[in-house]
Visitor: 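Dropping a structure here in structure tokens format, bear with me for questions.
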Amino acid sequence: MASASPAQAAARYALDIPAGTLADALIALGQQTGATIGIEDAGARRARSPGLRGRLSLPAALARLLAGTGYRFLPVDTTTFRIVPAPPA
């Protein structure tokens, strides 16, 4: 597994992702950043995301998009992430 260089870890992207389904928000994030984001859970089509706007790193953007959805992200490398159900609180 590749590790992020300090420059990659600090990279921020200008993002404008509207509120909507989690699936649509993740697609928009991938399109705006070039990231690969995989999710296999059909519940993502029903989950809602608050959207976001601003300059954020990929991990920060994912954390905001996933807040309150019942999902979390696992990094595969610096630009590839897997979305999985969050453990019960």
Side-chain angles (χ1 to χ4, degrees):
M1 180 158 64
S3 61
S5 72
Q8 289 170 318
R12 296 192 185 278
Y13 300 87
L15 302 170
D16 186 5
I17 300 171
T21 67
L22 179 57
D24 287 344
L26 294 172
I27 289 168
L29 181 62
Q31 290 172 336
Q32 292 180 34
T33 63
T36 300
I37 303 166
I39 187 166
E40 295 179 10
D41 189 283
R45 291 190 180 140
R46 292 184 304 276
R48 303 291 296 172
S49 175
L52 61 86
R53 177 180 239 166
R55 292 191 63 80
L56 298 157
S57 67
L58 275 169
L62 280 166
R64 287 195 34 197
L65 289 176
L66 295 171
T69 66
Y71 292 92
R72 65 187 177 110
F73 69 92
L74 301 174
V76 175
D77 61 34
T78 58
T79 59
T80 306
F81 299 86
R82 199 167 143 230
I83 308 302
V84 297

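No hydrogens, no waters, no symmetry mates; every other heavy atom, side chains included, goes into these values.
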Visitor: So how far is it from Asp24 CG to Leu29 CG, rounded to the nearest 0.5 Å?
Guide: 12.5 Å
Visitor: For the residue pair Arg72 and Pro87, what are the closest heavy atoms and their distance?
Guide: NE-CD, 3.5 Å
Visitor: Output, in order, the C-alpha distance, side-chain angles, deciding distance and verdict of side chain to side chain contact (heavy atoms under 4.5 Å, CB included) for Arg48 and Thr21.
Guide: CA-CA 4 Å; Arg48 303 291 296 172; Thr21 67; 3.7 Å; yes
Visitor: Of the non-hydrogen atoms in Gly43 and Asp41, which two are nearest, and what is the gap between them?
Guide: N-OD1, 2.7 Å
Visitor: First locate atom OG1 of Thr80, then atom CG of Leu74, and finally report the distance between them rounded to the nearest 0.5 Å.
Guide: 12.5 Å
Visitor: Between Tyr71 and Ala47, which heavy-atom pair has the shortest distance, and what is it?
Guide: CE1-CB, 4.1 Å
Visitor: Looking at Ala61 and Leu52, what are the two nearest heavy atoms and their distance?
Guide: O-CD2, 3.5 Å
Visitor: Do you know which two heavy atoms are closest between Ile83 and Leu62, and how far apart they sit?
Guide: CD1-CD2, 4.1 Å
Visitor: If you compare all heavy atoms of Arg55 against all heavy atoms of Ala14, which two are closest, and at what distance to 0.1 Å?
Guide: NH1-CB, 3.6 Å
Visitor: Find the distance between CZ (Phe81) and CG (Leu58) and round it off to the nearest 0.5 Å.
Guide: 5.0 Å
Visitor: For the atom pair CD1 (Ile17) and OG1 (Thr33), what is the distance rounded to the nearest 0.5 Å?
Guide: 7.5 Å
Visitor: Drop me the distance from Phe73's CZ to Leu26's CG, to the nearest 0.5 angstrom.
Guide: 11.5 Å
